Structures are given as C-alpha cells and as structure tokens.
Number of protein chains: 2
Amino acid sequence: MLQPSSACVGCAPDGLSPELRQRVAACTACDARVLSLCRAIPDDHLDRLAAISVAVDVGPGGTFIEEGEPASSFFNITRGTVKLYKLLPDGRRQITGFLGVGDFLGLAVSDSYVFTAEALDAVRVCRFPRRRLNEVLDDFPALERKLLEIASHELVAAQEQMLLLGRKTALERLASFLLSRADRADALGRRGIPLAMTRTDIADYLGLTIETVSRLMSRLRRERVIALPEAHGFAVLDRPALLQYSGGEGPVL
Amino acid sequence: MLQPSSACVGCAPDGLSPELRQRVAACTACDARVLSLCRAIPDDHLDRLAAISVAVDVGPGGTFIEEGEPASSFFNITRGTVKLYKLLPDGRRQITGFLGVGDFLGLAVSDSYVFTAEALDAVRVCRFPRRRLNEVLDDFPALERKLLEIASHELVAAQEQMLLLGRKTALERLASFLLSRADRADALGRRGIPLAMTRTDIADYLGLTIETVSRLMSRLRRERVIALPEAHGFAVLDRPALLQYSGGEGPVL
DNA sequence: CGTAACGTTGAATCGGCTCAATAGATGTGG
DNA sequence: CCACATCTATTGAGCCGATTCAACGTTACG
C-alpha cells in the first residue's frame, strides 16, 4: 500500500497539490490508460480519478481481494497477471478468469467480494475506494457506461466458459484455452505465447486435473499441433487443428 | 409482435397521444415494474420508456433471441420463464441461465447476440430498440446504474455457476440447483416449488445428462430430502441435508 | 384413446480422476 | 559450482462417477 491519500480533494484543477500533480502525471503516463476505464474520463479531469486512486504493488502469490471480505475497493490492473478464483469448503478450486493489464476488478453487488484475486507475477494495481469512485461516476456518466461495457464483456466470456465447463471434453477445453491465449498474444503482437500460470492454474480454470492437462499438452506436442519450447509458454504450429479440436466457433448459422 | 411503434416520440408529457397514454398506463401497472430496470425511472418520465417499448408475446418453445443474429434489441421479461443457451456445432447445449419476471436480457457487447433465448412457457417481453434505449440512458443515468447493477448480479451468478460446472459432483450440482430454486420460490412466498423447465433443461443447465438428473432426483426422494408430488415441481423436506449435499456456501472464513 | 414427448431405471462402457513413481526446474547455502 | 531440497511437470496403471445404450413407465394433448 503506497501513499495513503492526503490530497486536497475539493481543490480546483489549477490548484493541485504537488503530490496530486505527480499522481495525475502518473495516470497520464499509465500503461493501462488506453486500455482501461480511465480512458472514459477526459484528460483535464483525470485529477478526479488520480485523487482517489492509490497504486499498490502485489508480489507473486499475493492476494489483494479475498472472498468473503468486505468489498471496499475497485481495482485496475496496470502491471502483471491476476487470477480470480472461488473455493469449496474442502479446497476444490475454480479459477473464473485471468486478468491482465487494463482489466478491471471488483464489480461486486453485495458488500462482500465473491472471489479471491491473486497475483501470478509482479502485479501493480490502482485501487479506488468504492464510495469515492461512485461519486466520480455521478459526475462522469461516460465512466459508468464504460463499466457497463466491461461488465458486459465479462458476462459474454463467462457464458463461453460455462459452455466449456459444462459441455466440452478435456481436449476441447485445453484447445479452446490455448487458442484464446494465442489470440490474446497475437493481439499484442507476439509469436511465442507466454503462460504466466502453472498447470495447476490451467487445470483449475478448465475444470480438470493437472495430470489431464499435462497428458493433453504432451499429446498436442506429439501431434505437432503445438510446440513447448520453454517451461512456461507454447507456440501454435497447426492453428486449424487446434481450432478443430476446440469444438469450433459455436453453431453454424 | 404487437403494436409497432407509431407514437409521437417528441411529444411533451402533457401532449401524449391516446395510444402512448395507454402504454404508459400499461407500464405503470406492469407486474415487472417494481422488479426491473423500469423502477429506476421516475413515474412522470415513464412515457420515455413506454414510447420506445413494444410488448411481445412468445409461446412455449418460441425463440426471440438467436445466437449470431444482429443484436438490435433489449428485452425485459414481464411474464413467464425464459432459458438462455449456447450450442456447439454438434448440438451439445449449455443453458447459461433461467430468467423470470423482471429480468433483463440483451446486454451484448458485440453487434450479435451470443446466446439464444427461448420461452419455457407463455412469455411476454418488453422489447426496446437498442439505439433508442441508449438515448434514454443518456438522459437517465440512474437507468444506466441499474443496468450495471443487473450486469454485476449476473456476473456473480455466472461465477457461481462456473464453480458448479467445473468442480462440483453431479449430486452437488443438483442439490445446489434445487436449493437456488427453493430460495427463489421462498422469496416469492411459495411452499411447493414449481419447475418450469424439463429434465433435459436441468441437465443442460448443470452440465449433466437427463438420466443422471433423473437418478439423483429419485435418490433424493428415496432419502426423504425432497418430495416430488407433481411432475413439474418439488418440495424441500430436509433443507439442511440439501445444503450439505450442495457443497456448502463456499469457504468458511 | 392413441401417440408422442417426457421421465425413470438398469447394465455396460469409458473419459477423466486417483494414486504412484519419476523427471525436470528452481532456488539455497556450503 | 555442486549438493540438496522443493516445487512443478510428466507418465503410467487402475479405478470410478457419469455417460451411453436400451427398455419400460408416465404424462400431456390432439
């Protein structure tokens, strides 16, 4: 937790404190700016967000949201990768998503978080107090629309994942997962595709065991569909085959 | 499809056409009013919504949203029950949710729907053209906030369902499902709990086969955990047992 | 009624899991 | 730099929960 807020919140834009001025600069230069909800706020009002946000660093394995805890903050990821998961009392785990730079977290309805958020690697997040962000939302409807857009996107992804978990075979699940990671990496202009998560994480995301994931990875490598040059990462050798295995793009209409 | 819109959209509230006046009255009296997003709009501006909405009746088995079709409208359910599902090319189906009176549909990000919506029984929906509703949203931020709230709720439910589909056993899935239906019915003040959906629907919702659902229903009846007085419907005899079987309420914190 | 759709029950099969052993990767201190 | 411990990943053998296949009841409805 860095820099607990001590800025003059009610200040006019031209009367910014030095600290706040610095934070606005940080926001302006932020890697996640163009990707995330901050994009929805005009540059000259960025101080409103800067004034209520705090940058927080989280090390690998660190949790910054815990299921059941009071939901006091929203988060925006500006560095690293995060996994979200839910647990059953006996320890069974379901990872509901992996989030990266620009992604937003904390849209809980109740006053408690319904999932845990854990850093996969070195993560930095922007933390917004729930109440304060709501105030900003009142003044910038565009921000609210952006949030709605984000929530809708997540809903679509969640429905796709339900189809995967409920109806796809193990091979189809893994192929779908690898494809989605590959597409994501392509969008970022990569060739070799990094996997920040472990086999256990992949298994808990796909509703499988690590053994099954490992076996199928080996099978796809044996069949020259993918290559596994490094421990954490892969490359797609035969995209059509992967697409075939993935169970396709939904119904042909 | 009833009454294609021919109302004077720009009219002042006091200059309503007879037809629009009638629609506003229908909105005011609507069963879903208190439950749904319309609640977020003040009574004296209800004409804005009434002017752009059209009531549509859908018979059992009728689909009013189809996966892949252009997403031109939002819907609000005012009568009956609806199932949402996604299909794989070979016909495997995953039902992603059941919606009832007051529920809202059509929050698609892309310009195509990503699921199909089918009526389980006699359904009536309020249809809002996407573009027109967005205009109303601009004038009533409270509506937008309501939509965000709805989307957040659905996201929470989707995550819970991912845990169910990815990590729960067949018995746990069925018990969880029956409990959630029971809770929903209790909230509406019922004793015997109706199931508008068939065994096939339940199976496709829980990621199981109809045979497994049927066997487990029989087992729970044999164990006096539930009763099955009618074909479509059940009663909870031993709620603690059902809760036990359901895999519990998440981690004990 | 008759018939078609829905639901139940049984027997056999199989995909993915459990259990177990080994190999590789990563990190630490001598 | 190597020895060692630990964590992660791979591979095999056997098992089990849920599915598949099949037969039979039951319900809804023209």
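As the structure is a prediction and not an experimental result, all values here were calculated from the model. Below, each value reflects all heavy atoms present in this structure, side chains not excepted, and no hydrogens, waters or symmetry copies. Proteins come first, then strands; the chains are lettered A, B, ... in the order of their sequence lines, and each starts at number 1.
Of all heavy-atom pairs between A/Gly68 and A/Ser112, the closest is O-OG, 3.6 Å. The two residues B/Pro129 and B/Ser73 make their nearest non-hydrogen contact at CA-OG, 4.2 Å. A/Ala151 and A/Leu107 make their closest contact through CB-CD1, 3.7 Å (heavy atoms, listed as atom of the first residue, atom of the second, distance).
Using a 4.5 Å cut-off on side-chain heavy atoms (C-beta onward), A/Glu160 and B/Val114 make no contact. Proximity of A/Phe75 to A/Ile65: side-chain heavy atoms (C-beta onward) are separated by under 4.5 Å at one or more points. Side chains of B/Leu220 and B/Leu242 form a contact here, defined as non-hydrogen atoms less than 4.5 Å apart. Here the side chains of B/Leu195 and B/Ile202 are in contact, with some heavy-atom distance below 4.5 Å.
Near DNA chain C, defined here as any heavy-atom distance below 4.0 Å, there are no residues from residues 219-230 of chain A. Taking a 4.0 Å limit (strictly below) on heavy-atom distances, residues 169-178 of chain A reaches DNA chain C at A/Thr169, A/Ala170.
Taken over five-pair windows at either terminus, the axes of the helix from C/dC1-D/dG30 to C/dG30-D/dC1 are inclined to one another by 40° (rounded to 10 degrees).
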Between the protein and nucleotides 3-7 of chain C, which nitrogen or oxygen pairs come in under 3.5 angstrom?
residue, atom, partner, partner atom, Å
C/dG7, OP2, B/Arg199, N, 3.1

Between the protein and nucleotides 10-13 of chain C, which nitrogen or oxygen pairs are less than 3.5 angstrom apart?
residue, atom, partner, partner atom, Å
C/dG10, N7, B/Arg215, NH1, 2.7
C/dG10, O6, B/Arg215, NH2, 3.4

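The salt bridge (Lys or Arg N to Asp or Glu O under 4.0 Å) check on B/Arg79 picks up nothing, with sequence neighbours excluded. Looking at residues two or more places apart in sequence or on another chain, you find a salt bridge (Lys or Arg N to Asp or Glu O under 4.0 Å) between A/Arg239 and A/Asp183. With sequence neighbours excluded, the residues forming a side chain to side chain contact (heavy atoms under 4.5 Å, CB included) with A/Asp90 are A/Leu88, A/Arg92, listed by chain and number. Applying the salt bridge (Lys or Arg N to Asp or Glu O under 4.0 Å) rule to A/Asp204 yields the partners A/Arg93, B/Arg167; only residues at least two apart in sequence or on another chain are considered. Under the side chain to side chain contact (heavy atoms under 4.5 Å, CB included) criterion, B/Ala157 pairs with no residue at all, not counting sequence neighbours.
At most 12 heavy atoms of other shown residues, nucleotides or ligands fall within 6.0 angstrom of atom CD in B/Gln244.
Counting only N and O atoms by type, the side chains of A/Lys86 and A/Thr116 include no donor and acceptor under 3.5 Å apart. Looking only at atom types and distance, the side chain of A/Gln94 has no donor-acceptor partner in the side chain of A/Tyr85 under 3.5 Å away.
Using a distance-only test at 3.5 Å, with no hydrogens or angles considered, a donor-acceptor pair links the side chain of B/Asp121 to the main chain of B/Thr81.
Residue B/Ser218 has no polar side-chain atom (N or O) positioned under 4.0 Å from OP1 or OP2 of C/dT8.
Between A/Asp90 atom CG and C/dT18 atom P there is a gap of 11 Å when expressed in whole angstrom units. Atom CZ in A/Arg167 sits roughly 13 Å away from atom P in C/dG16 (whole-Å rounding).
Among the atoms of the strands shown, none is found under 4.0 Å from any heavy atom of B/Gly61.
Among residue pairs with one or both ends in residues 188-217 of chain B, those qualifying as ring-ring contact (aromatic ring centres under 6.0 Å, His included) are B/Phe98-B/Tyr205, B/Phe177-B/Tyr205; sequence neighbours excluded.
Judged by the 6.0 Å and 45° rule, A/Arg219 forms a cation-pi pair with A/Tyr245.
Put simply, chain A comes within 4.0 Å of DNA chain D, heavy atom to any atom, from D/dA9 to D/dA13, going 5' to 3'.
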